[in-house]
Protein chains: 2
Amino acid sequence: MTAQPPAASRPRGRERARLNRETVLAEALALADADGLDGLGMRPLSQRLGVVPMALYKHVANKEDLLDGMIDLVWAEVEMPDAERGWRTSMGDRSRSLRQALKRHPWAIGLMEARLRPGFANLAQHNAMMGCLRGSGFSFRTTVHVTSTLDAFVYGFALQERSLPFDTAEQSGDVAEQKLQDAPPEAAAAFPHLLEVVRELGAAGYDYDTEFETGLALVLDAVERLRPEWRAELPSP
Amino acid sequence: MTAQPPAASRPRGRERARLNRETVLAEALALADADGLDGLGMRPLSQRLGVVPMALYKHVANKEDLLDGMIDLVWAEVEMPDAERGWRTSMGDRSRSLRQALKRHPWAIGLMEARLRPGFANLAQHNAMMGCLRGSGFSFRTTVHVTSTLDAFVYGFALQERSLPFDTAEQSGDVAEQKLQDAPPEAAAAFPHLLEVVRELGAAGYDYDTEFETGLALVLDAVERLRPEWRAELPSP
DNA sequence: GTCAAAGGTGTACGGCGTACACCTGAGACA
DNA sequence: TGTCTCAGGTGTACGCCGTACACCTTTGAC
């Protein structure tokens, strides 16, 4: 066998382990997390890996393929639903898990559902979702309704969460105050209700976590309540 | 007054009306609708307007500013809620209207909420939203819950709708069949529940409109049911 | 020891957003 | 009517981007 050089096991200097798809994808994920989708370029990525840009193309077909792989890594982070634990807790936990993943990787939000070639983790995740609901007695049609509505809520929430420029309830107050000062005075007069909300949010703070739980409970409650009706395969109203 | 040349009133050849911000934004919207966000470049846009690329920068500060303006045009297409018509129909119609706008301009979905400088139509829209709910007796806190959840649903639904590669129920069948044939045979065995859904959707067809209405009714029902509770400003569960 | 295949390199091309200096023509005012 | 000003349009150029293509190097099987 070839002797391993005793020096660095980590890639550095003249010695560097051969690249493979996994390390390229992992590094790309880290880069996107750090610098956003705009910062994710073949050149910066290759530099992080200590390699020339074109070397990446030995491991990914093109940038689209790179994104496909990255998205499937994100899917792999999402907890799989499991009918054994009951559809409600299972779906709730999966939704929370999906939101957390989208929070860790905000650049992924628009892309999770948009892949032309869904990866393995993506397929596995959706398969488990269908299995959980079908296994819990939901009709085929109902299963589609529920996944559609629940996912819509989580995606949409993550989208809003990404947009607002604060992370904690305390920060939200500062941001609101700043916005109020930035806004031209005529805007305040023109949009009184908006002004009220910004004021109140600034005072009371805005907590994404409880906001998410509230909405999630709302949707799950509604599903629970409508379940027997949907079991009977009623046509939608 | 200066005599207008009798020839073309439309810009062409050597004669061309002076550009202004509105026409630039409108043409950019049309270009994005036609070719997507990727097709929206300063060079292609300028060519459509019969002008050199740099000319655009006399009317928009940069591409970000261009996008800001385009997004506000989309907001302007969204029907404003109005407390007079009752919160439920008003919110329902606004949600439908928002979905339609996002369907006309799929490129806008990730951007509507992400603007650092919200435009006038955007502010007006949200102001009307708050006004409608507050005016219908919802507490401040509840108003935030409802807008957050409802918007999340609409954005998320639009996102899913954009992703799936068919528009009509009939097409959905063909697409499903195609997907089944493309998929490697081991995938079918590994994901039985997913397979079932694709099969059933292929057979029964999938209609976005009724799917949207179902989810929307679900959320609105839940809001209606919880309204008295939320009026009392209960803390979230 | 030989050799094919896989992995990494270097160069180059067309497209992007846009900074900067320049030219032009329309409208204001004498 | 002649002049001036300055908003609007132009041309050139720079540094990014993704990636095609030809080339070299290393690896592992035989």
Side-chain angles (χ1 to χ4, degrees), chain A residues 1-5 7-28 31-32 34-71 107 111 116, chain B residues 1-5 7-28 31-32 34-71 107 111 116:
Chain A
M1 65 185 71
T2 58
Q4 279 285 54
S9 60
R10 305 232 93 212
R12 71 169 169 73
R14 62 183 65 253
E15 318 246 7
R16 212 205 49 249
R18 292 189 114 185
L19 242 46
N20 55 40
R21 193 167 214 266
E22 285 68 43
T23 47
V24 170
L25 293 181
E27 197 68 34
L31 177 55
D35 296 357
L37 263 196
D38 286 349
L40 176 68
M42 296 311 242
R43 267 164 264 242
L45 176 56
S46 67
Q47 200 169 3
R48 263 171 168 254
L49 291 161
V51 120
V52 101
M54 284 311 291
L56 301 176
Y57 288 87
K58 290 280 150 80
H59 306 281
V60 296
N62 47 43
K63 197 174 182 183
E64 193 67 13
D65 182 36
L66 179 70
L67 281 172
D68 282 343
M70 293 166 67
I71 291 294
W107 50 267
L111 308 174
L116 267 60
Chain B
M1 64 184 71
T2 57
Q4 281 284 55
S9 60
R10 303 235 96 211
R12 71 168 168 75
R14 61 184 63 253
E15 318 247 6
R16 211 205 50 247
R18 293 188 114 185
L19 243 44
N20 54 39
R21 193 167 216 267
E22 285 68 43
T23 48
V24 170
L25 292 181
E27 198 68 34
L31 177 55
D35 295 356
L37 264 197
D38 286 349
L40 176 68
M42 297 309 242
R43 267 164 265 240
L45 177 55
S46 66
Q47 200 169 2
R48 264 171 168 255
L49 291 161
V51 118
V52 102
M54 284 311 291
L56 301 176
Y57 288 86
K58 290 284 149 83
H59 306 282
V60 296
N62 47 44
K63 199 174 180 181
E64 193 66 14
D65 183 35
L66 178 71
L67 281 172
D68 282 342
M70 293 167 66
I71 291 295
W107 50 267
L111 309 174
L116 268 60

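It should be emphasised that the depicted structure is a prediction, and the values quoted were computed from it without experimental measurement. Chain identifiers are assigned alphabetically (A, B, ...) following the order of the sequence lines, protein sequences preceding nucleic acid strands; residue numbering begins at 1 within each chain.
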* Those residues that, when tested against B:Glu27, pass side chain to side chain contact (heavy atoms under 4.5 Å, CB included) (two or more places apart) -> B:Leu45, B:Arg48, B:Leu49

* **Side chain to side chain, B:Leu66 and B:Tyr57, heavy atoms closer than 4.5 Å** => no

* Asked: What's the CD-P distance between A:Gln47 and D:dC16, to the nearest Å?
  -> 11 Å

* Asked: Whole Å only: how far is the CG atom of A:Leu66 from the C1' atom of D:dT19?
  -> 13 Å

* B:Glu22: salt bridge (charged side-chain N to carboxylate O under 4.0 Å, His left out) partners, not counting sequence neighbours -> none

* Structure fact -> With B for base contact, S for sugar-phosphate-only contact and - for none (protein heavy atoms under 4.0 Å), nucleotides 14-20 of chain C reads --BBBBB

* Interatomic distance where CG belongs to B:Asn20 and P belongs to C:dA26 [whole Å] -> 16 Å

* Structure fact -> Applying salt bridge (charged side-chain N to carboxylate O under 4.0 Å, His left out) to B:Asp35 and not counting sequence neighbours gives none

* To do: Identify, with sequence neighbours excluded, every residue that meets salt bridge (charged side-chain N to carboxylate O under 4.0 Å, His left out) alongside A:Arg21.
  => A:Asp65

* Can you check the B:Arg21 CZ to D:dG9 C1' distance for me, whole Å? -> 18 Å

* To do: For B:Asn20, check side chain to side chain donor-acceptor pair (under 3.5 Å) against everything at least two apart and list the hits.
  => B:Thr23

* Asked: Is B:Asp68 close to B:Val60 at the side-chain level, that is, under 4.5 Å between some pair of heavy atoms?
  -> no

* To do: Taking the side chain as every heavy atom from C-beta outward, state whether A:Met70 and A:Leu111 have any atom pair closer than 4.5 Å.
  => no

What's touching nucleotides 4-7 of chain C from the protein side, N or O pairs under 3.5 Å?
from	atom 1	to	atom 2	distance (Å)
C:dG7	O4'	A:Arg18	NH2	2.8
C:dG7	N7	A:Lys58	NZ	3.4

